[in-house]
Amino acid sequence: MKDYFENLLLKAEISLEKEKLEKMLDFLELLYEKNKVINLTAIREKNGMLEKHFIDSLLLTKVIKDEEKSFIDVGTGAGFPGLVLAIFYPEKEFLLVDSVRKKINFINEVIEKLNLKNVQTSFKRAEELIKGKRETFDCALCRGVANLRIILEYMIPFIKVNGRFLPQKLNLNELDESKNALSKLNSKIENIHKFNLPDSCDERIILEIKKTKKTDEKYPRKTGIPSKKPL
Ligand SMILES: C[S@@+](CC[C@H](N)C(=O)[O-])C[C@H]1O[C@@H](n2cnc3c(N)ncnc32)[C@H](O)[C@@H]1O
């Protein structure tokens, strides 16, 4: 398994120190075992988990900047991309959020077993967690949670003015319909980064979205509204 992971990292041109690589393999093992008991991910094989979860999360390291120190990952599920990045960047701070308690319980277990000191968790919904956390983070992350115009409303309020939101997407289909949300939330797409996974060659996209001005306090709207009536 270690050889396969090292080979993927090599092909993806991601360098990872030995200690961090071992921690990620420990996380993989915990995920693999727990996934037999509770449904954390539809990917059941270790190889698939390494490429589609670990490497995919690590692609963000090609976009994240040194000066970005505080991160929030909403809808992190079993910890992707946030927990992988927290292992990669022990000097940066991460808040991992998911409204499903059993997922956060699993993440808390991994944090404890791996002795990670830079990760906090919450099982609140994004729309509730925002109280007291407006304009707090340098950077926001979100993978596989909802349509772009919905996650924009969840995430933009959390980041500081001039901060960035780096959602991961499989294609660019949602861009056009997100124009209204981008404008209402004072944010703009600054860059579109395209990658291919190293083994399957599947395309992966990271959008680079900048927040240009403060967010109106009326966003996000009440729990459930952003997904029922997207901007
Ligand atoms: C398909 S999973 C993706 C998990 C992970 N990011 C990944 O890519 O493997 C989406 C997750 O988002 C969470 N979620 C959806 N809406 C949310 C909200 N408003 N606040 C917090 N979590 C949310 C769900 O509970 C679910 O675990």
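The first residue of the sequence shown is numbered 1, and numbering continues consecutively from there. Note that ligands are numbered from 1 as they come in the structure, with each ligand's atoms numbered from 1 the same way.
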I'd like to check which ligand 1 atoms, numbered from 1 as shown, lie under 4.0 Å from a non-hydrogen atom of [X].
{"X": "Thr76", "result": "4 (C), 5 (C), 6 (N)"}
{"X": "Phe80", "result": "5 (C), 6 (N), 7 (C), 8 (O), 9 (O)"}
{"X": "Val100", "result": "25 (O)"}
{"X": "Tyr154", "result": "19 (N)"}
{"X": "Arg143", "result": "3 (C), 5 (C), 6 (N), 7 (C), 8 (O), 9 (O)"}
{"X": "Gly144", "result": "1 (C), 2 (S), 3 (C), 10 (C)"}
{"X": "Glu127", "result": "19 (N)"}

What's the shortest distance from [atom] to any protein heavy atom, and which residue and atom give it?
{"atom": "atom 16 (N) of ligand 1", "value": "Val145 CG1, 3.9 Å"}
{"atom": "atom 20 (N) of ligand 1", "value": "Ala126 N, 3.0 Å"}
{"atom": "atom 22 (N) of ligand 1", "value": "Ser99 N, 3.3 Å"}

> Would you say the side-chain atoms of Ser70 pair up with the backbone N or O of Asp138, donor to acceptor, closer than 3.5 Å?
Replying inline: yes
> Are any of the side-chain heavy atoms of Pro167 and Leu141 separated by less than 4.5 Å?
Replying inline: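 When only atoms from C-beta onward are counted, Leu141 and Pro167 do not touch, as no gap falls below 4.5 Å.
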> Do Leu170 and Val63 share a hydrophobic cluster (ILVMFWY, side-chain heavy atoms under 4.5 Å, transitive)?
Replying inline: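 No, no single cluster joins them.
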> Strictly by modelled atom types, are Ser183 and Lys179 linked by a side-chain donor-acceptor pair under 3.5 Å?
Replying inline: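 No.
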>> Using a 6.0 Å distance limit plus a 45 degree cone around the ring axis, check whether Lys34 lies over the aromatic ring of Phe106.
In response: no
Hey, does [X] come in under 3.5 Å of ligand 1, counting only N/O atoms on both sides?
{"X": "Gly75", "answer": "yes"}
{"X": "Gly77", "answer": "no"}
{"X": "Lys103", "answer": "yes"}

> Salt bridge or not for Lys169 and Glu174, using N-O below 4.0 Å?
Replying inline: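 Salt bridge between Lys169 and Glu174, a charged N being under 4.0 Å from a carboxylate O: yes.
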> So, for Phe94 and Phe88, is the gap between ring centers shorter than 6.0 Å?
Replying inline: no
> If you measure from atom 11 (C) of ligand 1 to every heavy atom of Thr41, Leu141, Asp98, which option wins on shortest distance?
Replying inline: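 Closest candidate by heavy-atom distance is Asp98.
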> Per the salt bridge (charged side-chain N to carboxylate O under 4.0 Å, His left out) rule, which among Glu190, Glu208, Glu67 passes with Arg164?
Replying inline: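 Result: among Glu190, Glu208, Glu67, Glu208 is the only option passing the salt bridge (charged side-chain N to carboxylate O under 4.0 Å, His left out) with Arg164.
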> Roughly how far, to the nearest 0.5 Å, is CG of Leu185 from CZ of Phe165?
Replying inline: 10.5 Å
